[in-house]
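So that we are looking at the same thing, I have put the structure below in structure tokens.
Sequential numbering from 1 along the given sequence is applied to the chain's residues. In each ligand, atom 1 is the first atom listed, and ligand 1 is the first ligand listed. What's counted below: heavy atoms across the whole structure, side chains too, no hydrogens, waters or symmetry copies.
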Amino acid sequence: MRMEPNKDFLEFHGLPKEIIFSLIDRAQSLATAWDDRTMPQSLSGKRVALIADDSGWRNTSAFDLGVQAMGGICVQSPIKFNVHEATADLARYLDNWFDILVIRTKELSALKELASIAKAPVVNARTRSNHPCEILGDLAYVQSKKGTLEGMKVVGVAPDANIIRSWVEASLSMPIQVRQVYPENWHVKDVSLLGPNFAASTDLAELWDADVIVTDSWPSDANEEQMREYRISMPILDKCRPDAIFLPCPPVSREKEVTANAMRHPACQSAAAKAYLLHAQNALLEWIAT
Ligand SMILES: NC(=O)OP(=O)(O)O
């Protein structure tokens, strides 16, 4: 049931920046429609499979809610990739019934294999390697607050994992600067992601002129002593720009990557920002469906 070629969203830089900007603009309109309860029925007649083959709830709940609010049908299919059935087989069965496949699973390679066979467009709702929808939602929120994304500096105090990797993906296509500030052993070193808009550092001074600061969970093998310096606290946020937006990625672990006080700092806008997951994902689904 492929609607149009090349409407998969597997990696952030897989879509041209012009399309990303139009999705971000559309997310703003859909945010207003959401608040007014006047959602367009853009997905009327569309059938969406939502496969949550990993933990978490925000993105997947927002996909389900968004599809329904825009008049589509969303079915959660309890599929596990690389367990019982070949991914190629799953692609063909899913194509029998669905127009769009929204998938959270651990391996990006499984998504890529599925997308290479399925006719229906595939949307990455998170892998262990990347999380493009999360970054699309954050960008839509930041644009709603700042009016522009042009030239903004995003600092990720985060290990080489899905959140910082999708910010780095975004730096390949978008006019933003991304910095990773973290101990060197967790720096992003994947040459396929490195471009002129990204650099990694161990220096917290990168935070002082950041427009946006994001965090992610500590690595499971992190050493408290090594990591303490990178815990975002109230005094650190007080040294940042007064208009800096702090977006700790949920689920947040207080007294690990953030202090409890940092979560109460005026710069911390995580809950409001994550409302835009829904709006950005809705814009993406609408674009895929039309
Ligand atoms: N950050 C994130 O992916 O949240 P969920 O797992 O709840 O969707």
Side-chain angles (χ1 to χ4, degrees), residues 9-12 14 23-24 27 30-31 34 48-69 74-81 100-108 110-111 122-142 144 154-170 178 180 182 186 188 212-220 222 232 245-254 256-258 262-263 268-285:
F9 189 46
L10 304 181
E11 298 170 293
F12 195 98
L23 295 178
I24 288 170
L30 290 173
W34 180 264
V48 178
L50 176 58
I51 298 167
D53 176 27
D54 203 5
S55 60
W57 65 273
R58 271 157 288 257
N59 297 76
T60 46
S61 299
F63 271 117
D64 196 347
L65 185 57
V67 171
Q68 294 184 52
C74 188
V75 171
Q76 298 208 25
S77 301
I79 287 172
K80 302 275 177 216
F81 287 92
I100 303 174
L101 310 177
V102 176
I103 298 173
R104 169 170 286 192
T105 192
K106 292 183 178 69
E107 301 299 330
L108 179 58
L111 275 195
V122 176
V123 174
N124 179 348
R126 195 188 74 199
T127 69
R128 294 284 163 103
S129 307
N130 67 349
H131 200 357
C133 288
E134 189 86 9
I135 278 54
L136 186 64
D138 283 357
L139 285 171
Y141 175 74
V142 171
S144 79
V154 180
V155 175
V157 184
D160 181 7
N162 53 13
I163 294 298
I164 192 70
R165 287 174 76 89
S166 271
W167 278 109
V168 181
E169 290 174 351
V178 173
Q180 180 188 20
Y182 224 61
W186 288 292
V188 175
V212 177
I213 299 159
V214 299
T215 57
D216 195 6
S217 306
W218 283 0
S220 54
I232 300 300
I245 295 177
F246 175 43
L247 301 179
C249 187
V252 167
S253 296
R254 285 170 176 76
K256 287 203 167 182
E257 73 271 20
V258 296
M263 294 300 290
C268 182
Q269 299 173 37
S270 181
K274 296 309 166 187
Y276 273 73
L277 275 179
L278 175 77
H279 310 314
Q281 291 177 178
N282 284 347
L284 177 67
L285 291 173

Side-chain H-bond candidate by donor/acceptor type, Asn59 with Arg126, under 3.5 Å: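 Note: Asn59 and Arg126 side chains miss the donor-acceptor criterion.
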Residue His131 vicinity, atoms of ligand 1 by number, heavy atom under 4.0 Å: 2 (C), 3 (O)
Pair Asn130-Thr127, side-chain donor/acceptor within less than 3.5 Å: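 Side chains of Asn130 and Thr127: pair found under 3.5 Å.
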Shortest protein heavy-atom distance from atom 4 (O) of ligand 1, along with the residue and atom involved: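 Residue, atom and distance for the closest contact: Arg58 NE, 3.3 Å.
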Interfacing atoms of ligand 1 (cut-off 4.0 Å, heavy-atom, Trp57): 5 (P), 6 (O), 7 (O), 8 (O)
pair Asn124-Leu108: side-chain heavy atoms closer than 4.5 Å: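 Side-chain contact under 4.5 Å: yes.
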Contact atoms of ligand 1, heavy-atom distance to Glu134 under 4.0 Å: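 Once the distances to Glu134 are compared, the set is 1 (N), 2 (C), 3 (O).
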Side-chain (Glu169) to main-chain (Pro132) donor-acceptor, under 3.5 angstrom: no
Sub-4.0 Å atoms of ligand 1 with respect to non-hydrogen atoms of Cys249: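 The list of qualifying atoms is 1 (N).
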Close-contact set for ligand 1 against Arg104 heavy atoms, below 4.0 Å: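 Result: 3 (O), 5 (P), 6 (O), 8 (O).
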Identity and distance of the protein heavy atom lying nearest atom 8 (O) of ligand 1: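 The closest heavy atom on the protein side is Asn59 OD1, 2.6 Å.
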Asp54/Arg104 salt bridge by N-O under 4.0 Å criterion: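 Not counted as a salt bridge, because no side-chain N and carboxylate O are separated by less than 4.0 Å.
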Under 3.5 Å: donor-acceptor pair, side chain of Ser270, backbone of Pro248: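 Yes; at least one donor-acceptor contact below 3.5 Å.
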Protein residue, atom and distance nearest to atom 1 (N) of ligand 1, heavy-atom basis: Pro250 O, 2.8 Å
side-chain contact (heavy atoms from CB on, under 4.5 Å) partner of Asp216, chosen from Asp160, Asn162, Val157, Ile164: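 The residue from Asp160, Asn162, Val157, Ile164 that satisfies side-chain contact (heavy atoms from CB on, under 4.5 Å) with Asp216 turns out to be Asn162.
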Numbered atoms and elements of ligand 1 in range of Gly56, under 4.0 angstrom, heavy atoms: 6 (O), 7 (O)
